[in-house]
Amino acid sequence: MDCIFCNIIQGKIPAQFVYKDEHVVVFHDIHPKARVHVLIVPIKHLDSINAVTSADTNIVGKMFVVAPLIAGQLGVKESGYKLLVNVGEGAGQVVPHMHMHLLGDRKE
Ligand code: 5GP
Ligand code: ZN
């Protein structure tokens, strides 16, 4: 399966990474909707939150553990940030590899 985020994780498509561990990677969104806009992406391919099972508890937990770390690194931990997960096309999920948006210092 040709998945854009799997390709990024495997280094086949470049991205600006800010974090990597055994479960998740974090890289800057190519079309930022805020001054800080990164994507927290599990290394394991899961189409969406709908594909998560209890076997993935560590992965999902890690996404939330990493979020405040990255927010701190990017300077929005205290000012505030939004975590957003789109689930399915009807909700605006465009890339069918589960991910969480971290948005801080919105432009609006
Ligand atoms: P979704 O709408 O699926 O929740 O969000 C997908 C996000 O991935 C969008 O904000 C989009 O800008 C971002 N995106 C899509 N393709 C690429 C890419 O090739 N590289 C990076 N860094 N971000 C991408
Ligand atoms: Zn994938």
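We count ligands from 1, going down the list as the structure has it; atoms in each ligand are counted the same way. Numbering of residues begins at 1 and proceeds along the displayed sequence.
- Taking a cut-off of under 4.0 Å to the non-hydrogen atoms of V94, the atoms of ligand 1 that pass are 1 (P), 2 (O), 3 (O).
- Residue contact check for ligand 1: G92 places a non-hydrogen atom closer than 4.0 Å to it.
- Residue-level check: among N/O/S atoms of H97, ND1 sits closest to the Zn ion (ligand 2).
- Hydrophobic clustering (ILVMFWY, side-chain heavy atoms < 4.5 Å, transitive): I43 and V95 are in one cluster.
- Counting heavy atoms closer than 4.0 Å to ligand 1, residue N86 contributes side-chain atoms (C-beta onward) but none from N, CA, C or O.
- Here the side chain of E89 pairs no donor or acceptor atom with the backbone of P96 at under 3.5 angstrom.
- Counting heavy atoms from C-beta outward, V36 and Y81 have side chains that stay 4.5 Å or more apart.
- Ring geometry for H37 versus H101: interplanar angle of 30 to 60°, hence tilted.
- Close to ligand 1: I8, with a non-hydrogen atom less than 4.0 angstrom away.
- The 12-atom threshold is not exceeded at CZ of F64, counting heavy atoms of other residues, nucleotides or ligands nearer than 6.0 Å.
- Less than 4.0 angstrom separates some heavy atom of H31 from each of these atoms of ligand 1: 12 (O).
- Atoms of ligand 1 found under 4.0 Å from any heavy atom of F27 (numbered from 1 in listed order, with element): 22 (N).
- Among all heavy-atom pairs drawn from A51 and D56, the shortest one is O-OD2, 4.0 Å.
- Distances from atom 9 (C) of ligand 1 to the heavy atoms of I30, D29, V41 show the closest one on D29.
- Between C6 atom SG and C3 atom SG, the angle centred on the Zn ion (ligand 2) amounts to 120° (nearest 10°).
- If you check which protein heavy atom lies closest to atom 15 (C) of ligand 1, you get V95 CG2, 4.0 Å.
- In summary, the atoms of ligand 1 found under 4.0 Å from a heavy atom of H101, numbered by their order in the structure, are 1 (P), 4 (O), 5 (O), 7 (C), 10 (O).
- Atoms of ligand 1 lying under 4.0 Å from any heavy atom of I4, numbered from 1 in the order shown and given with element: 16 (N), 19 (O).
- Separation of atoms CD1 (I9) and CD1 (I4) is listed at 11.5 Å; rounding is to 0.5 Å.
- Contacts of L39 with ligand 1, taken as heavy-atom pairs under 4.0 Å, involve the side chain alone.
- With a 4.0 Å heavy-atom cut-off, ligand 1 is reached by the side chain of F5 but not by its N, CA, C or O.
- Heavy-atom distances between I13 and ligand 1 stay at or above 4.0 Å for every pair.
- Remark: the backbone N or O of P68 is not paired with any side-chain donor or acceptor of Q73 at under 3.5 angstrom.
- Each of the following atoms of ligand 1 lies closer than 4.0 Å to a heavy atom of K33: 10 (O).
- The Zn ion (ligand 2) sits nearest to atom ND1 when only the N, O or S atoms of H45 are considered.
- Partners of N50 under the side-chain hydrogen bond (donor to acceptor under 3.5 Å, both in side chains) rule, at least two apart in sequence or in another chain, do not exist in this structure.
- When non-hydrogen atoms are compared, ligand 1 lies under 4.0 Å from neither the backbone nor the side chain of V85.
- Centroid-to-centroid, the aromatic rings of H97 and H99 stay 6.0 Å apart or farther.
- Within the 4.0 Å heavy-atom cutoff, Q16 does not count among the residues contacting ligand 1.
- Tested against V38, the residues L102, D29, V66, L103 include a single side-chain contact (heavy atoms from CB on, under 4.5 Å) partner, L102.
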